[in-house]
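In what follows, a single structure is set out as structure tokens and then discussed.
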Amino acid sequence: MKKFPQGFFWGASTAAHQVEGANVHNDWWQAEERRCVKVASGAACKHYELYAQDFDLAKQLNHNCHRFSIEWSRIEPQEGNFSLEAIQHYRQVIADLKSKGLEPVVTLHHFTNPAWFSQKGGWTKFNLNKYFLRFVERIVGELAQDVRFWVTINEPLVYSSHAYFLGVWPPQERSLLKTVKVTLNLAETHIKAYRIIHRIYRQQALSRPMVSIAANLQAFEICRANFRNKLAAYLRNKLYNFYFIEKVLRKKTLDYIGVNYYSRNLVDVKSWKLADLLAQTCQDNHFPLPKNSLGWDIYPQGLYKLLLRLKRYGLAVLITENGICTDNDDLRWDYIRQHLEQLHRALAEGIEIWGYIYWSLIDNFEWDKGFTPCFGLVGVDYRNFKRTVRESAVKLAAVIKNNGI
Ligand code: BGC
């Protein structure tokens with residue numbers, strides 16, 4: 001059996017807007033109301049009410065940690081107006097996790113913003129990050145005693161590109177300039193948030209917190225080994241995978257690296273246009289791989305390669321997301337098993353890995369794709385919110401029990 005280190009974290013992740021339901025004060029909800037996105041999140045999984053039941057399942061499945069996000073728009077539904085009720089809610093969520101032996105890993109920004117913040121211009125305006133930092137100060141001040149692991153911003157580049165370049169997420173803009181501005185602003189904001197969090201722990205005489213981002217890493221592979229493809233893969237790696245990490249690392253503001261890994265991107269570029277160099281993928285089905293229900297290649301060795309590449313930063317890694325949407329639960333288990341094997345390979349190479357957090361604990365609202373992609377270890381029937389534990393979750397539970405595969 002391939003053993004994982006003692007004290008390895010095993011768990012699953014969720015994000016507020018995708019599971020809680022009725023997040024009426026954020027920009028996604030508003031876009032849903034205006035029908036700018038195809039499907040509305042509505043009651044989502046009713047996790048805001050049913051969290052304790054969901055954590056019971058996580059506990060039954062032997063998880064010992066859980067990642068979730070705090071919805072800023074619930075804490076501060078109107079500018080400057082903090083909801084004590086919402087703060088109390090998340091306090092209870094954390095207490096419930098801890099009572100079940102689940103270490104909380106808490107995300108402070110997972111794609112959604114309070115509507116009032118977006119209306120002012122959101123992340124396109126550098127001076128507005130003070131509002132997010134004020135929220136961080138408040139919520140971390142309240143919860144520091146019970147939380148050690150923080151993720152400031154989930155997938156900053158995925159957010160900036162989907163919301164400001166591809167135009168598929170609110171505010172659905174297509175501007176390279178704004179994409180760059182938002183990305184830089186998020187980096188600046190992370191750096192400041194990191195410092196605020198550390199200061200709060202010092203002021204409260206608590207032991208050092210562990211603060212990071214969750215970086216979305218893709219395996220950029222080339223199908224034809226020509227110069228243009230090599231250059232394109234190099235640029236994409238630099239820009240999409242490592243730019244943000246390196247930028248915030250220069251200010252020493254990562255205590256570990258949170259890694260979200262799903263798939264590969266098969267690079268095949270047919271022109272010298274910058275847009276093609278940065279985004280064109282192989283359409284020739286050169287090396288067909290099994291795919292998830294959104295058509296993403298299943299490519300476990302990519303995780304191993306990226307982990308080796310991260311070694312140079314000398315920081316521990318926490319897999320903050322890895323998962324598959326599929327209606328074939330056998331395929332889900334294959335996906336998990338194969339990724340765990342690659343993780344084990346990386347451990348054997350001396351890479352420090354703290355844990356594996358699957359995306360997601362329960363099926364949920366997959367943003368502009370709606371409710372059809374099923375990523376959950378646990379299925380959700382959206383008619384009655386009934387949960388059903390999948391076989392793959394039970395198999396993972398056995399791995400966790402043995403702390404080995
Ligand atoms: C995001 C999640 C999303 C998942 C699957 C990640 O990029 O953090 O919110 O549901 O991928 O697409």
Side-chain angles (χ1 to χ4, degrees), residues 9 13 15-16 65 67-72 75-76 90 94 103-114 117 122-123 125-160 180-217 241-260 310 312-321 352-355 357:
F9 281 134
S13 181
C65 80
R67 176 175 173 232
F68 70 97
S69 76
I70 291 183
E71 177 63 30
W72 177 15
I75 302 292
E76 195 181 357
Y90 288 109
I94 290 165
E103 178 76 37
V105 177
V106 184
T107 307
L108 293 165
H109 186 272
H110 198 123
F111 300 157
T112 53
N113 305 293
F117 174 77
W123 297 102
K125 303 242 166 78
F126 285 96
N127 61 337
L128 296 188
N129 70 4
K130 63 177 182 236
Y131 292 111
F132 179 74
L133 296 169
R134 181 175 67 180
F135 153 71
V136 171
E137 176 98 42
R138 178 70 191 262
I139 197 71
V140 175
E142 300 270 359
L143 304 176
Q145 305 248 343
D146 294 309
V147 178
R148 179 136 194 256
F149 297 90
W150 295 96
V151 172
T152 55
I153 299 167
N154 182 68
E155 300 186 350
L157 275 148
V158 172
Y159 171 72
S160 60
V180 173
K181 265 189 170 172
V182 169
T183 308
L184 294 175
N185 195 1
L186 291 173
E188 192 56 39
T189 306
H190 164 81
I191 293 166
K192 290 188 170 152
Y194 175 97
R195 291 177 180 151
I196 290 173
I197 298 172
H198 275 266
R199 173 176 43 75
I200 291 172
Y201 277 69
R202 281 194 303 275
Q203 285 167 345
Q204 298 193 13
L206 297 166
S207 57
R208 211 180 134 77
M210 293 295 154
V211 184
S212 186
I213 53 162
N216 174 258
L217 300 188
N241 283 342
F242 305 119
Y243 168 77
F244 201 95
I245 293 178
E246 287 175 5
K247 189 164 173 66
V248 300
L249 256 182
R250 279 197 287 278
K251 302 282 181 192
K252 301 198 168 34
T253 56
L254 291 180
D255 298 313
Y256 68 96
I257 303 179
V259 169
N260 294 358
L310 291 180
R312 69 185 65 179
Y313 303 126
L315 286 171
V317 169
L318 176 64
I319 306 299
T320 35
E321 286 181 32
E352 190 183 345
I353 304 167
W354 286 347
I357 303 181

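At a threshold of 4.5 Å between non-hydrogen side-chain atoms, the residues Tyr194 and Ile213 do not count as touching. Side-chain atoms of Val158 and Phe111, non-hydrogen and from C-beta on, do get closer than 4.5 Å to each other. Val106 places none of its side-chain heavy atoms less than 4.5 Å from the side chain of Phe149. Side-chain contact check for Arg134 versus Lys130: every heavy-atom pair is 4.5 Å or farther apart. Contact check for Lys247 versus Leu184: side-chain heavy atoms found under the 4.5 Å cut-off. Considering only heavy atoms from C-beta on, Ile196 stays 4.5 Å or farther from Val140 through its side chain.
Here the closest heavy-atom approach between residue Leu133 and residue Ala193 is recorded as CD2-N, 3.6 Å. Among all heavy-atom pairs drawn from Glu76 and Pro114, the shortest one is O-CB, 4.1 Å. A pairwise comparison of heavy atoms in Phe126 and Lys181 identifies CZ-O, 3.7 Å as the closest pair. Among all heavy-atom pairs drawn from Asn154 and Ala214, the shortest one is OD1-CB, 3.5 Å. Across all non-hydrogen atoms, the minimal contact from Ser160 to Val182 is CB-CG1, 3.7 Å. In terms of heavy atoms, Asn185 sits closest to Thr189 at O-OG1, 2.6 Å.
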Step-by-step side chain to side chain contact (heavy atoms under 4.5 Å, CB included) determination, Thr152 to Ile197
CA-CA 9 Å; Thr152 55; Ile197 298 172; 4.1 Å; yes
Yes or no on side chain to side chain contact (heavy atoms under 4.5 Å, CB included) for Leu318 and Val151, after CA distance, side-chain angles and deciding distance?
CA-CA 11 Å; Leu318 176 64; Val151 172; over 6 Å; no
Check step by step if side chain to side chain contact (heavy atoms under 4.5 Å, CB included) holds for Ile357 and Cys65.
CA-CA 8 Å; Ile357 303 181; Cys65 80; 3.9 Å; yes
What do the steps show when you test Glu155 against Asn260 for side chain to side chain donor-acceptor pair (under 3.5 Å), and what is the final call?
CA-CA 8 Å; Glu155 300 186 350; Asn260 294 358; 2.8 Å; yes
Does Phe244 form a side chain to side chain contact (heavy atoms under 4.5 Å, CB included) with Leu186? I'd like the steps, not just the answer.
CA-CA 9 Å; Phe244 201 95; Leu186 291 173; 4.1 Å; yes
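Partners of Tyr201 according to the side-chain hydrogen bond (donor to acceptor under 3.5 Å, both in side chains) rule, which considers only residues two or more places apart in sequence or in another chain, are Trp150. Residues satisfying the salt bridge (charged side-chain N to carboxylate O under 4.0 Å, His left out) test with Glu71, not counting sequence neighbours, are none. Under the rule for a side-chain contact (heavy atoms from CB on, under 4.5 Å), the partners of Ser212 that lie at least two apart in sequence or sit in another chain are Leu254, Tyr256. Judged as a ring pair (Phe, Tyr, Trp, His ring centres under 6.0 Å), and not counting sequence neighbours, Tyr90 has no contacts. Scored by the side-chain contact (heavy atoms from CB on, under 4.5 Å) test, Tyr313 finds Phe242, Ile245, Glu246, Leu249, Ile257, Arg309, Leu310 as partners (sequence neighbours excluded). Partners of Phe117 by ring pair (Phe, Tyr, Trp, His ring centres under 6.0 Å), not counting sequence neighbours, listed by chain and number: Trp72, Trp123. With sequence neighbours excluded, no residue satisfies ring pair (Phe, Tyr, Trp, His ring centres under 6.0 Å) with His190. For the side-chain hydrogen bond (donor to acceptor under 3.5 Å, both in side chains) test, residues two or more places apart in sequence or in another chain that qualify with Arg138 are Glu142. Among residues two or more places apart in sequence or in another chain, the side-chain contact (heavy atoms from CB on, under 4.5 Å) test is passed with Lys125 by Asn127, Leu128. The salt bridge (charged side-chain N to carboxylate O under 4.0 Å, His left out) check on Glu321 picks up Arg67, with sequence neighbours excluded. Annotation: salt bridge (charged side-chain N to carboxylate O under 4.0 Å, His left out) contacts of Glu137 (sequence neighbours excluded): Arg199.
Residue pairs satisfying the salt bridge (Lys or Arg N to Asp or Glu O under 4.0 Å) criterion with at least one member in residues 248-257, sequence neighbours excluded, are listed as follows: Arg208-Asp255.
The structure places OG1 of Thr183 at 7.5 Å from OH of Tyr243, a figure rounded to the nearest 0.5 Å. Between atom CD1 of residue Ile319 and atom CD1 of residue Ile353 there is a gap of 6.0 Å, rounded to the nearest 0.5 Å. Rounding to the nearest 0.5 Å gives a distance of 13.5 Å between CD1 of Ile70 and NE2 of His110.
Between the side chain of Ser69 and the backbone N or O of Leu108, no donor-acceptor pair lies under 3.5 Å. Without hydrogens or angle criteria, Thr253 side chain to Val248 main chain gives a donor-acceptor distance under 3.5 Å.
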